[in-house]
Amino acid sequence: MNPVMVIGLGGTGKEVLMLLRKKVVQRFGTLGRFPILGSLHIDSDRSSESQAMPSTLYLGEDISLSESERVGLPVAGGNNWKANDAIRD
């Protein structure tokens, strides 16, 4: 088997990574028993890092992303688009 790196972009990508990690735990019991799977979450929204995540304990296994599996990628101008009424609506 070849190693696999799954990259999740943004909030939806993070949700997909978490669902995949749950499936691995369901099938193999722990993430450690499936070492060929790597995860990387990339997000430009720095505030998402500090938002409370739903419980990352699944079937007794911590499925949270480690610090090395998360990358913040700030965008020039930040999230100023959220203040633009034409875009927000």
Side-chain angles (χ1 to χ4, degrees):
M1 294 176 97
N2 293 324
V4 175
M5 173 64 72
V6 180
I7 301 172
L9 301 175
T12 301
K14 185 176 184 178
E15 289 178 31
V16 170
L17 289 174
M18 299 306 282
L19 288 171
L20 180 60
R21 292 164 82 88
K22 286 180 180 181
K23 292 292 183 185
V24 168
V25 170
Q26 279 179 339
R27 175 90 163 117
F28 297 99
T30 69
L31 294 171
R33 293 188 67 197
F34 196 66
I36 67 165
L37 177 67
S39 301
L40 180 64
H41 175 237
I42 302 172
D43 202 335
S44 63
D45 186 0
R46 308 279 302 180
S47 67
S48 70
E49 292 178 18
S50 62
Q51 290 175 357
M53 253 315 259
S55 175
T56 57
L57 196 61
Y58 183 73
L59 299 177
E61 174 82 359
D62 181 10
I63 61 167
S64 62
L65 295 165
S66 69
E67 191 68 32
S68 64
E69 294 174 309
R70 293 178 288 165
V71 174
L73 191 62
V75 175
N79 288 320
N80 291 338
W81 65 269
K82 291 179 180 178
N84 185 325
D85 291 335
I87 294 173
R88 190 179 64 236
D89 294 335

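Worth knowing before you read on, the calculation uses all heavy atoms, side chains too, and leaves out hydrogens, waters and symmetry mates.
Separating the OG atom in S64 from the CG atom in L17 is a distance of 12.5 Å, to the nearest 0.5 Å. Atom OG of S39 is separated from atom CE of M18 by 9.0 Å, given to the nearest 0.5 angstrom.
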Which donor-acceptor pairs under 3.5 Å do side chains of residues 27-38 form with protein atoms, sequence neighbours excluded?
residue, atom, partner, partner atom, Å
T30, OG1, G32, N, 3.4
T30, OG1, R33, N, 3.3
R33, NH1, F28, O, 3.1

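In terms of heavy atoms, V25 sits closest to Y58 at CG1-O, 3.8 Å.
Partners of E15 under the salt bridge (charged side-chain N to carboxylate O under 4.0 Å, His left out) rule, at least two apart in sequence or in another chain, do not exist in this structure. Residues that satisfy the side chain to side chain contact (heavy atoms under 4.5 Å, CB included) test with L40, not counting sequence neighbours, are M5, I7, I42, V71. Residues that satisfy the side chain to side chain contact (heavy atoms under 4.5 Å, CB included) test with S66, not counting sequence neighbours, are S68, E69. With sequence neighbours excluded, no residue forms a side-chain hydrogen bond (donor to acceptor under 3.5 Å, both in side chains) with T12.
The shortest side-chain heavy-atom distance between L59 and E61 does not fall under the 4.5 Å cut-off.
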| message | Could you go through L65 and R21, starting from their C-alpha distance and side-chain angles, then the distance that decides it, and tell me whether this counts as side-chain contact (heavy atoms from CB on, under 4.5 Å)? | response | CA-CA 9 Å; L65 295 165; R21 292 164 82 88; 3.7 Å; yes
